[in-house]
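Quantities reported herein were computed from a predicted structural model and do not represent experimental measurements. Proteins come first, then strands; the chains are lettered A, B, ... in the order of their sequence lines, and each starts at number 1. Side chains included, hydrogens not; waters and symmetry mates left out as well; all remaining heavy atoms used.
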Number of protein chains: 2
Amino acid sequence: MLVRIDPDSPAPLHAQISAAVRRGIAVGEIAPGERLPGARDLAAALGVNLHTVLRGYQELRAEGLVELRRGRGAQVRPDAAPAVAALRQAVHALVDEARRLGLSATEVTEMVREAMT
Amino acid sequence: MLVRIDPDSPAPLHAQISAAVRRGIAVGEIAPGERLPGARDLAAALGVNLHTVLRGYQELRAEGLVELRRGRGAQVRPDAAPAVAALRQAVHALVDEARRLGLSATEVTEMVREAMT
DNA sequence: AAACTTGTTCTAGTCCGCATAGAACAGTTA
DNA sequence: TAACTGTTCTATGCGGACTAGAACAAGTTT
C-alpha cells in the first residue's frame, strides 16, 4: 500500500493520509480485511509524526472504513465495500466544490434528495 | 447583494466572503457587470476587517470572476458565467452511482450531510 | 507467564495562517 | 480639487496543525 504526501499542499497532512487510504480502498489497492501499516511505521516512512498518522486513521474509523484496536493495528473492515469508499470520495469532491460555491449544507442535501427521488 | 458570515465556522472569513459572492454569481443573484459593495463598507457591515474583505475579493479576481480597480471598486466580469450547472451534473453522477450501489436516498443524503459539517 | 507490538491518552512546545489594526500611497470619479 | 477605493506596508495576537516524548492499556507472540 502506497501513501504519498505533499508537505506543500494546503491540505492538512492527516487529511492527506486518510484520503490516500480511502482512495486505496476505492480502487481495490487495499482489500477489505487487510491490515494497514502500523502508525509508527507509516509515520517513519512518511517523515511525519505518529499522532498525525493516528489522526488520519481515526478519521477513517469515524467513517466506518477501518477498525482500530491496540496490539492488532488498523484493519480495513470486512464490510467496507470499495464502491462505497469510492462513493465517499466522490461525495468529498462534491462537497468541496459546493462549499467553494458558497452553497449551504441544506441546499446541497436538498439537491441530492431531489435528484434521488 | 447579501453576504452572510459565520464567525464560528471553521472556514476562514475571507473564504466565506469569496464563497458568498461566488454563490451570488452562480445562482444569478449578482449580474455580470454589477458592482460589488465597497470593501470598507462591506467590512463595516460584516463587522470584519478591511483586509479580510479585500482578500476575499482578490481571490475572486484570481479566478477571473471580478475586476478590481482603485477608485472604481469591484465589478463582476461580463463573462462570469453560472457554475451551478456543473455542480448539478456532479450531483446527478453521484446519485446514479449511489443508486447503482443500492443505497437509499436517506443514506446518501446522510453521507453528504455528514461530509458538509 | 513474559515479552513485544500497537493504539490511546496526556502534556508541552513550535510554527504558520488567519484576522486585526493603522497608516500611507495611487488611480478614479464627481 | 476633493472624495472615494483598492494597494501596499508594518505590526500584533490567536488558534490549529504538527511535532515530541512519555506513560498507559489491550492484544499478539513466544
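Atom CG in Leu54(A) sits about 14 Å away from atom P in dC10(C), given to the nearest Å. If you measure from atom CD of Glu59(B) to atom P of dT7(D), you get 13 Å, rounded to the nearest angstrom. If you measure from atom CG of Leu36(A) to atom C1' of dG7(C), you get 13 Å, rounded to the nearest angstrom. Here the C1' atom of nucleotide dC16(C) and the CG atom of Leu13(A) are 13 Å apart, to the nearest Å. For the pair Leu68(B) CG and dG27(C) C1', the computed distance is 13 Å after rounding to whole Å. In this structure, Asp6(B) places its CG atom 16 Å from C1' of dA19(C), rounding to the nearest Å. Taking atom CD1 of residue Ile17(A) and atom C1' of nucleotide dA17(D), one finds them 12 Å apart after rounding to whole Å. Residue Asn49(B) contributes atom CG, which lies 16 Å from atom P of dC14(D) at whole-angstrom precision.
When the nucleotides dT7(D), dT20(C), dT8(C) are ranked by their closest atom to the side chain of Thr52(B), dT20(C) comes out on top. Comparing dG7(C), dC18(C), dT7(D) against the side chain of Gln58(B) picks out dT7(D) as the nearest. Side chain of Pro12(B), nearest nucleotide from dA19(C), dG7(C), dT5(D): dA19(C).
Annotation: side chain to side chain donor-acceptor pair (under 3.5 Å) contacts of Ser104(A) (sequence neighbours excluded): Thr106(A), Glu107(A). Residues that satisfy the side chain to side chain contact (heavy atoms under 4.5 Å, CB included) test with Asp6(A), not counting sequence neighbours, are Asp8(A), Ser9(A), Gln16(A).
Heavy-atom nearest nucleotides on DNA chain D were determined for Arg35(B) and for His14(A), and the one closer to the 5' end corresponds to Arg35(B).
His14(A) pairs with exactly one of Glu59(A), His51(A), Gln58(A) by the side-chain hydrogen bond (donor to acceptor under 3.5 Å, both in side chains) rule, that one being Glu59(A).
A donor-acceptor pair is defined here as one N or O able to donate and one able to accept, closer than 3.5 Å; such a pair exists between the side chain of Arg35(A) and the backbone of Arg72(A). The closest donor-acceptor contact from the side chain of Arg22(B) to the backbone of Arg100(A) lies under 3.5 Å.
Counting heavy atoms from C-beta outward, Leu42(A) and Leu36(A) have side chains that stay 4.5 Å or more apart.
Note on Arg61(A): a side-chain N or O is less than 4.0 Å away from OP1 or OP2 of dT8(C).
Atom CZ of Arg99(A) has more than 12 heavy atoms from other residues, nucleotides or ligands within 6.0 Å.
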Contact pattern, 5' to 3', of nucleotides 22-30 of chain D - B, S or - by protein heavy atom under 4.0 Å:
---BBSS--
